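Note that this is a predicted model, so its numbers are computed, not measured.
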Amino acid sequence: QVQLVESGGGLVQAGGSLRVSCAASGRTFSGAAMGWFRQCPGKAREFVAAITWSGGTTYYADSVKGRFTISRDNAKNTVYLQMNSLKPEDTAVYYCAARLGPVFVVKTLGFEANFHSWGQGTQVTVSS
């Protein structure tokens, strides 16, 4: 099992940047694919980005492609989401998630059901 704690959320103006982090505990972090999801009030949680255990493959939702970058540092047991050119519609609670086990098709990381552990979330608010 992997325990996850997000941090780095806050208030930023449209067009600005923010980096959120997810610190993981547990020996299996380096073998886990990681993902970021977000949830706006009154809406379902949606996929944002994912990265394989080695960091060699990343996958993004179309809505953030070219603006957000997911990365990981296995030595620090941390995954990051760098968010640039932020828009008001990016306002949401951002959740980190971990998937234990192999990933055969990276697009499967776009689905919540394929993740086993979740953090408590961090609020990101983008003002217009």
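- A search for side chain to side chain contact (heavy atoms under 4.5 Å, CB included) contacts involving Q120 returns V5, E6, not counting sequence neighbours.
- Although no hydrogens or angles enter the test, the distance criterion places no donor-acceptor pair under 3.5 Å between the side chain of R38 and the main chain of V93.
- The shortest distance between side-chain heavy atoms of L11 and S127 falls below 4.5 Å.
- A donor-acceptor pair under 3.5 Å is absent between the side-chain atoms of T91 and the main chain of E89, judged by distance alone.
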**Request:** Go through the steps for T69 and Y60 under the test side-chain contact (heavy atoms from CB on, under 4.5 Å), then give the verdict.
**Result:** CA-CA 8 Å; T69 302; Y60 296 93; 3.8 Å; yes

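- Put simply, the side chain of N74 gets close to the backbone of W53: a donor and an acceptor are under 3.5 Å apart.
- Note that CZ of R72 and OG of S54 are 8.0 Å apart. Values are rounded to the nearest 0.5 Å.
- In this structure, the separation between CG on N84 and CG on L18 is 9.5 Å, given to the nearest 0.5 Å.
- Judged by distance alone, with hydrogens and angles left aside, the side-chain atoms of S117 form a donor-acceptor pair with the main-chain N or O of V2 at under 3.5 Å.
- Residues L86 and R67 come closest through the heavy atom pair CA-NH1, 3.9 Å.
- Taking each heavy atom of S85 and S17 in turn, the nearest pair found is N-OG, 4.4 Å.
- Every residue meeting the ring-ring contact (aromatic ring centres under 6.0 Å, His included) condition with W118, not counting sequence neighbours, appears here in chain and number order: F37.
- W36 places a side-chain heavy atom less than 4.5 Å from the side chain of V20.
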**Prompt:** side-chain contact (heavy atoms from CB on, under 4.5 Å) between Y59 and T52: does it pass, once the steps are laid out?
**Reply:** CA-CA 9 Å; Y59 176 50; T52 54; over 6 Å; no

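- You'll find the side chain of Y94 reaches within 4.5 Å of the side chain of M83, heavy atoms only.
- Neither L81 nor F47 shares a network with the other; the hydrophobic side chains, linked directly or stepwise wherever heavy atoms of I, L, V, M, F, W or Y lie under 4.5 Å apart, form separate groups for each.
- Checked for salt-bridge contact, D62 and K65 meet the test: a charged N lies under 4.0 Å from a carboxylate O.
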If you look only at distance, which donor and acceptor atoms sit under 3.5 Å apart when one is on a side chain in residues 100-113 and the other is two or more places apart or in another chain?
{"from": "T108", "atom 1": "OG1", "to": "V105", "atom 2": "O", "distance (Å)": "2.6"}
{"from": "E112", "atom 1": "OE1", "to": "R45", "atom 2": "NE", "distance (Å)": "3.3"}
{"from": "E112", "atom 1": "OE1", "to": "R45", "atom 2": "NH2", "distance (Å)": "3.0"}

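- For the pair R19 and Y80, the distance from NZ or CZ to the six-membered ring centre is under 6.0 Å and the angle to the ring normal is within 45 degrees.
- Put simply, CZ on R99 and CG on N114 are 5.0 Å apart, with the number rounded to the nearest 0.5 Å.
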**Request:** Show the numbers, then the answer: is there a side-chain hydrogen bond (donor to acceptor under 3.5 Å, both in side chains) between S25 and Q3?
**Result:** CA-CA 5 Å; S25 60; Q3 289 76 45; 3.2 Å; yes

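- Between C96 and V79 there is a side-chain heavy-atom pair separated by less than 4.5 Å.
- A heavy-atom distance below 4.5 Å is not found between the side chains of Q82 and S71.
- In this structure, Q13 CD and S128 OG are separated by 9.5 Å, a value rounded to the nearest 0.5 Å.
- Taking hydrophobic clusters as Ile, Leu, Val, Met, Phe, Trp and Tyr residues chained together by side-chain heavy-atom distances below 4.5 Å, Y95 does not share a cluster with F68.
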